[in-house]
**Student:** 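Let me give you the structure first, and then I'll get to my questions.
Note that the numbering runs from 1 along the sequence shown for the chain.
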Amino acid sequence: MIIKLDAQLVELLQAVLCSPKCPQQIQLLCAAILREMAPCDGLRLSCERIHDTKLLSLVSSVLLAQGEEKAEVSAVGQRIVKALEGRLPEGQSSRYLLPVLSNVISLSPEALIEEQTNVVSKKMADWLRYASTQQGVAQPSGGFFSNPRTRQPGPVTEVDGAIATDFFTVLSLGQHYTEDQWLNMQTFSMLRKWLLCYGDKEMNTPNSGDKSQTDRSVVSVVSTSSTSSRLLPPKERLREKAFEYCQRLIEQSNRQALKKADGDLQKACLIEAVAIMDIICKQDSSYVYRAASFLKILHGRISGDATYARALLPIAQFFLNHGEMAAVDSDAIYKHLFTDIPAQLFHNSSLAFEFVLFCRDNSQLLTETSSIFRQSFPNLFKFLAWNSPPLIAEFVDILPFLLDAGTAIEIFHLLLDLPCLTAALDVQMRSSSLPSSERAACDPAVKPAACLEAFRNPLYRSAFQYLLRVESVSEDFQERLIPLRQLLGSLASSPRVVQCADTVPVLLELFFSVVSEFADASLINQLVVLVLQRSDQLYEIPAFKDDVHRVLSSQLVMLCKLHPALIVELSKELLEFSGTVSNIQNKEPIFTHVVWAIGEYMSVSYDKRCTVEQINRFFETLEAVLFEVTQVRPQISVPNYAPRAITVLMAALTKLAARSQDLIPRVSLFLSKMRTFVQSPAVTSVYCEEDREEILTRATELMNLLKMPSVAQFVFTPSVDVARTRFQKEVNDTLPSALRIVTRLLEPAPGFVPG
């Protein structure tokens, strides 16, 4: 929250902050208030003449908090580097300045010139490598019995309590720390940021070009000699000391910590150390071979310990970046990462986020480097199934890289079964938490009454195993999943399952968008058949089914546009689907779009294999459905079919009749009876006036158009040359208007409709 302060109050706060007699606690409070206020023109603070490092740190923090004015940030950066470069007065400490410097480079890395970064790099190298290994002296309490000489400080220790025999790091423990030890820890905390900003960047200075050539020549000589590393240029020397520091941290991480907090610190430092080594190797490839062998050993040591799972990500990142140069076979590392970690730790939300970010940021590289990434998509989707919707944006970026002709079908099934996967993961977790005495296999002869029993039942084992698989499989298990979906229906109201179901429509639309870019005729036909089959094989969440039907229906049209010949090639499947009346009520969007596609693309204009016999067969099927839908039987209530389905059926029959004109009398007769249908008491009790008017109007328009067969044939059955032209597209887009015009031309009087 940004606050505005009175100008007089701002003046008083600044005066108190800079007063040499003001207690430190009051100074801290004043600085905190000034940092929170909105950018202010009345701020007169300056860090130029301040020599006290604590006050300099406070004033600098206020100036940096005022905004990202580059001149102000640069001025603060210059002053901090100047203070670090010189000899500080007695009692002053550099450790108050490093956090400010870290803030400066975050706001404006270009605030420092190369000479300044070299100064800081040199000091950072010394702070990393040459901090004292003796503990700091406790400050005297001032009591009557206090005597600082009664107890001399001992050496720092390792996390397992052993006395440290190597140089000091952030994992070296002591009761009190010396000044250089604090600087050592602060330097490590900002090391990654510093290397990314200045580790491999030539700064814009007058002599930077000549100097860079000299530096490289020096490095080549120094690297092959036994000369002290102090002769290295500052950047190279910092990289060397940072690499040694990271190696030491990784070695220290192998020790058994006595305290849980120290164990957590070990893991955090291990992750940071590997990430820094990766940066160093990017900037200087001569480190790659040493780092690769070192990290290969580290991976072998920690891969079996789930508590180190997060550390496996930067290790995998290193081998993605440098595995080829190091000539290391990294498949075992990727295999373990993508096989074991998601299956075991999908429920760890922080790990899931980091894992998915790793996949998103490296999707292209992972796809090019190893087939394991794409094969492991069933495992990756466990993160989304359990942690959606927070991960949906990342999976939108990842999904295109998982899709190809070999994985498209299986991913399509997986997306539709994603809520079912969430339920299965829930059952798996609850089963694993049961006492071992309750995990015994159930009697296969007894039908399980609950999900937990089914999980242990041999009859359901293969279905659960398929749903929870860790990698892609070629075998089709869809039929075996049907009873499992029904059994898992008891979890359909679970908030986690419902949230997962909400992500499916977005991913389905993306799926079809990506697949359309590479799908051939065979794959398109497969997908259309699956759309028809899976439309009634979905997890029982009503809103989920409605959303999926909506997406599938719109994508079905897209597939037909890509490959219109599928209407002829899949005539058997389409006839069966469109001839089932119950589909109008159970999955009206898909039924309606299938009927539209039949009417639109069952034409020789789109496929020369289309015959009159095929047109007649589709006509008879759709005619029977429309008859069933519009049949009014005494003493039987009329089902409330969607008006859109009825009008699309009428339009499809009209289109087919225009292409096989022997059918025109049949469809004209049918359309002429629609007035009787919409005016019957049974229909008026079900359909509102607007719906009845829509059905009747469309019937009239279509019937009038059929009175001019040549016009109908041109509109509904364009020639091959015209079918894909802009003109025909405009005709199709404006067809309702054209129908109304024809109707007005043919009607002898307003409101006249044949009975």
Side-chain angles (χ1 to χ4, degrees), residues 81 84-85 98 101-102 105-106 109 112-131 166-171 180 183-203 205 208 211-252 269-295 298 314-315 317-323 325-326:
V81 173
L84 289 172
E85 186 177 11
L98 285 186
L101 183 62
S102 179
I105 64 177
S106 294
L112 304 181
I113 61 175
E114 186 167 11
E115 284 78 2
Q116 293 171 325
T117 62
N118 284 339
V119 167
V120 178
S121 292
K122 184 178 179 182
K123 285 191 168 291
M124 290 175 71
D126 289 336
W127 288 331
L128 282 175
R129 187 64 179 81
Y130 300 112
D166 209 336
F167 61 89
F168 181 90
T169 72
V170 69
L171 286 178
D180 60 354
L183 289 168
N184 175 286
M185 292 184 276
Q186 287 183 323
T187 299
F188 177 68
S189 72
M190 63 179 286
L191 181 57
R192 186 187 337 189
K193 185 189 298 182
W194 184 268
L195 289 174
L196 287 172
C197 287
Y198 308 117
D200 192 37
K201 184 164 67 173
E202 297 300 332
M203 311 295 287
T205 58
S208 62
K211 186 173 181 182
S212 64
Q213 295 296 328
T214 305
D215 287 351
R216 277 191 283 271
S217 64
V218 170
V219 174
S220 63
V221 173
V222 172
S223 299
T224 56
S225 67
S226 59
T227 311
S228 168
S229 66
R230 289 184 180 276
L231 295 179
L232 286 169
K235 289 181 185 177
E236 284 74 13
R237 184 165 178 268
L238 176 59
R239 279 200 291 263
E240 181 187 71
K241 298 306 176 188
F243 191 85
E244 293 174 359
Y245 194 98
C246 292
Q247 281 186 306
R248 167 114 167 90
L249 283 177
I250 292 172
E251 290 168 352
Q252 287 178 295
C269 289
L270 182 61
I271 293 168
E272 186 72 5
V274 176
I276 291 172
M277 290 177 87
D278 183 29
I279 295 169
I280 292 171
C281 290
K282 286 181 183 177
Q283 296 174 356
D284 187 344
S285 59
S286 66
Y287 288 96
V288 168
Y289 301 100
R290 279 188 287 166
S293 59
F294 200 76
L295 294 181
L298 172 64
I315 294 175
Q317 183 71 68
F318 175 89
F319 285 102
L320 271 176
N321 294 336
H322 310 289
M325 174 176 285

**Student:** Is the shortest distance from a Lys or Arg side-chain nitrogen in Asp126 or Arg237 to a carboxylate oxygen in the other one below 4.0 Å?
**Tutor:**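 Yes, this pair counts.
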**Student:** State, to 0.1 Å, how close Gly199 and Lys235 come at their nearest heavy-atom pair, and which atoms those are.
**Tutor:**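 Nearest pair, atom of Gly199 first, then Lys235: O-CD, 3.9 Å.
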**Student:** Would you give the length of the straight line joining atom CG of Leu295 to atom CD of Gln317, rounded to the nearest 0.5 angstrom?
**Tutor:**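 Leu295 atom CG to Gln317 atom CD measures 12.5 Å (nearest 0.5 Å).
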**Student:** What distance do Arg129 atom CZ and Asn184 atom CG have between them, rounded to the nearest 0.5 Å?
**Tutor:**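 Atom-to-atom, Arg129:CZ and Asn184:CG are 10.5 Å apart.
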**Student:** Does the side chain of Met277 reach to within under 4.5 Å of the side chain of Tyr287, using non-hydrogen atoms?
**Tutor:**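 Met277 vs Tyr287: side chains apart.
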**Student:** Calculate, to the nearest 0.5 Å, the distance between atoms CG and CD1 belonging to Asp284 and Ile279 respectively.
**Tutor:**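 Answer rounded to 0.5 Å: 14.0 Å.
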**Student:** Working note: Lys241 + Trp127, criterion side chain to side chain contact (heavy atoms under 4.5 Å, CB included); need CA distance, chi angles, decisive distance, verdict.
**Tutor:** CA-CA 10 Å; Lys241 298 306 176 188; Trp127 288 331; over 6 Å; no
**Student:** Give the C-alpha distance, both sets of side-chain angles, the deciding distance and a yes or no for side chain to side chain contact (heavy atoms under 4.5 Å, CB included) between Glu85 and Gln116.
**Tutor:** CA-CA 9 Å; Glu85 186 177 11; Gln116 293 171 325; over 6 Å; no
**Student:** Considering non-hydrogen atoms only, spot the tightest contact between Phe318 and Ala291 and give its length.
**Tutor:**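 So the two residues come closest at CZ-CB, 3.5 Å.
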**Student:** Could you tell me the separation between the SG atom of Cys281 and the CD atom of Gln283, rounded to the nearest 0.5 Å?
**Tutor:**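 So the SG of Cys281 and the CD of Gln283 are separated by 10.0 Å.
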**Student:** Under the rule for side-chain contact (heavy atoms from CB on, under 4.5 Å), what residues qualify as partners of Asp180, not counting sequence neighbours?
**Tutor:**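 Scan of Asp180 (side-chain contact (heavy atoms from CB on, under 4.5 Å), adjacent residues dropped) gives Ala131, Ser132, Thr178.
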**Student:** Mind checking the OG-CG spacing from Ser102 to Leu191? Nearest 0.5 Å is all I need.
**Tutor:**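 That separation rounds to 11.0 Å.
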**Student:** Would you sort out whether Leu238 and Leu232 count as a side chain to side chain contact (heavy atoms under 4.5 Å, CB included), showing the intermediate values?
**Tutor:** CA-CA 9 Å; Leu238 176 59; Leu232 286 169; over 6 Å; no
**Student:** I want to check something: taking the side chain as every heavy atom from C-beta on, are Leu112 and Val81 in contact at a cut-off of under 4.5 Å?
**Tutor:**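 The answer is yes; the side chains approach within 4.5 Å.
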**Student:** Would you name the heavy atoms of Pro109 and Tyr198 that are closest together and state the gap between them?
**Tutor:**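 Pro109 and Tyr198 have their closest heavy atoms at O-OH, 2.5 Å.
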**Student:** Please step through salt bridge (charged side-chain N to carboxylate O under 4.0 Å, His left out) for the pair Glu236 and Arg239, ending with a clear verdict.
**Tutor:** CA-CA 5 Å; Glu236 284 74 13; Arg239 279 200 291 263; 3.4 Å; yes
**Student:** List the steps and the verdict of side chain to side chain contact (heavy atoms under 4.5 Å, CB included) for Val119 and Leu84.
**Tutor:** CA-CA 9 Å; Val119 167; Leu84 289 172; 5.8 Å; no
**Student:** How close do Phe294 and Glu251 get, heavy atom to heavy atom, and via which atoms?
**Tutor:**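 Looking at all heavy atoms of both residues, the closest pair is CZ-CG, 4.0 Å.
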**Student:** For residues Arg248 and Thr169, report the shortest heavy-atom separation together with the two atoms involved.
**Tutor:**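 So the minimum-distance heavy-atom pair works out to CG-CG2, 3.4 Å.
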**Student:** Side chain to side chain donor-acceptor pair (under 3.5 Å) between Ser121 and Trp194: does it pass, once the steps are laid out?
**Tutor:** CA-CA 9 Å; Ser121 292; Trp194 184 268; 3.1 Å; yes
**Student:** Please report the shortest heavy-atom distance between Ala292 and Phe319, naming the atom on each side.
**Tutor:**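 In this case the closest contact between Ala292 and Phe319 is O-CZ, 3.6 Å.
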**Student:** To the nearest 0.5 Å, what is the distance between CD1 on Ile280 and CG on Leu195?
**Tutor:**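 Reported to 0.5 Å precision, the distance equals 5.5 Å.
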**Student:** Cation over ring, Arg290 on Phe243, under 6.0 Å and within 45°?
**Tutor:**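 Pair Arg290/Phe243 counts as cation-pi.
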**Student:** Who pairs with Tyr245 by ring-ring contact (aromatic ring centres under 6.0 Å, His included), at least two apart in sequence or on another chain?
**Tutor:**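 Tyr245 satisfies ring-ring contact (aromatic ring centres under 6.0 Å, His included) with Phe188 once adjacent residues are dropped.
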